[in-house]
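One structure is given here, and the rest of the page talks about it.
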Amino acid sequence: AGPALAQLVEQNEHISKLHLANNELCDRGCTALAQSLAQNAGLTDLDIAYNKIDNDGLLQLASAVSK
């Protein structure tokens, strides 16, 4: 689901909030999501609580949203 979701996020800058808590998102999904977040300036609120994300996934997301 990560790559499909990432494609939707990248193509839709009207999304301002995305709540992905408790969705079993893992590092692989974070990789795809991070790439799309780097292209989407409209998203201002991302909830990724209670997922299966390790440090690698978190670092990728942090890097994408800090740009």
Side-chain angles (χ1 to χ4, degrees):
L5 176 65
Q7 184 178 6
L8 291 172
V9 169
E10 185 174 335
Q11 296 174 353
N12 188 342
E13 291 191 6
H14 299 289
I15 297 172
S16 61
K17 296 180 181 181
L18 186 59
H19 297 277
L20 299 174
N22 292 309
N23 279 292
E24 297 189 21
L25 186 63
C26 63
D27 287 346
R28 192 177 89 184
C30 287
T31 299
L33 187 57
Q35 292 170 352
S36 67
L37 289 174
Q39 304 299 317
N40 184 320
L43 190 68
T44 59
D45 185 0
L46 177 64
D47 181 358
I48 55 169
Y50 306 107
N51 280 291
K52 297 179 178 182
I53 304 169
D54 291 326
N55 286 341
D56 289 339
L58 290 174
L59 290 172
Q60 290 177 45
L61 290 173
S63 176
V65 298
S66 68
K67 293 179 181 178

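The shown structure was predicted, so the numbers you read here are calculated from the model rather than taken from an experiment.
Leu46 has its side chain within reach of Leu37: a pair of non-hydrogen atoms, C-beta onward, lies under 4.5 Å apart. Taking the side chain as every heavy atom from C-beta outward, Ile48 and Leu58 approach each other to under 4.5 Å.
Contacts classified as side-chain hydrogen bond (donor to acceptor under 3.5 Å, both in side chains) and involving residues 4-26 (residues at least two apart or in different chains) are not found. Annotation: side-chain hydrogen bond (donor to acceptor under 3.5 Å, both in side chains) contacts involving residues 39-66, sequence neighbours excluded, comprise Thr31-Gln60.
With rounding to the nearest 0.5 angstrom, the CG atom of Leu20 is 8.5 Å from the CD1 atom of Ile53.
When all heavy atoms are compared, the tightest approach of Ala6 to Ser36 is O-CB, 3.1 Å. Pro3 and Ala32 get closest at one heavy-atom pair: CA-CB, 3.9 Å.
When hydrophobic clusters are built by joining Ile, Leu, Val, Met, Phe, Trp and Tyr residues whose side-chain heavy atoms come closer than 4.5 Å, directly or via intermediates, Leu25 is grouped together with Val65.
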